[in-house]
Amino acid sequence: MPIYEYVCPKCDLKFDQLRRLSQADEEASCPRCQNTAKRVLSTFCSFSKDESGLTSSIGGSSCASCSAASCDSCDL
Ligand SMILES: [Zn+2]
């Protein structure tokens, strides 16, 4: 299961959450202030390697760390 990184825009807290890929786009609650935190692209499984300019999310692009089509296969 991939780990996603979230940042709270209110208190600037960064935290990680383990989520299924299907839940990746769901928002998380800040553990400190309960504000809605936004997902940030983590250091792995987030950047597309192709040069087509696709910068959007997971789903379709290959994983940076395992080169699989889906980051679900990352076992980090
Ligand atoms: Zn917060």
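On a predicted model such as this, the values are computed, not experimentally measured, just so you know. Start at 1 and go down the list; that is how both ligands and their atoms are numbered. We count residues from 1, following the sequence as given.
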Point to revise | Under 2.8 Å from the Zn ion (ligand 1) - protein N/O/S, by chain and number | key: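 Listed by chain and number, the nearby protein N, O or S atoms are C8 SG, C11 SG, C30 SG, C33 SG.
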Review point. Step by step, would you call Q17 with Y6 a side chain to side chain contact (heavy atoms under 4.5 Å, CB included)?
Key: CA-CA 8 Å; Q17 276 199 358; Y6 295 85; 3.8 Å; yes
**Study point:** Exercise: identify the closest heavy-atom pair between F15 and S29
**Key:**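 Shortest heavy-atom separation between F15 and S29 comes out as CZ-O, 3.5 Å.
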Exercise for review: Please report the shortest heavy-atom distance between Y4 and R20, naming the atom on each side.
Suggested key: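 Between these two residues, the closest heavy atoms are CE1-O, 4.2 Å.
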Review point. Do R19 and E26 touch side chain to side chain, with heavy atoms closer than 4.5 Å?
Key: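 Counting from C-beta outward, R19 and E26 do come under 4.5 Å.
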Point to revise | All side chain to side chain contact (heavy atoms under 4.5 Å, CB included) counterparts of K10, not counting sequence neighbours | key: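 Residues passing side chain to side chain contact (heavy atoms under 4.5 Å, CB included) with K10: C8, C33, N35.
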Check your understanding: E27 and K38: side chain to side chain contact (heavy atoms under 4.5 Å, CB included), yes or no, with the steps?
Key -> CA-CA 6 Å; E27 288 162 331; K38 291 186 175 180; 5.6 Å; no
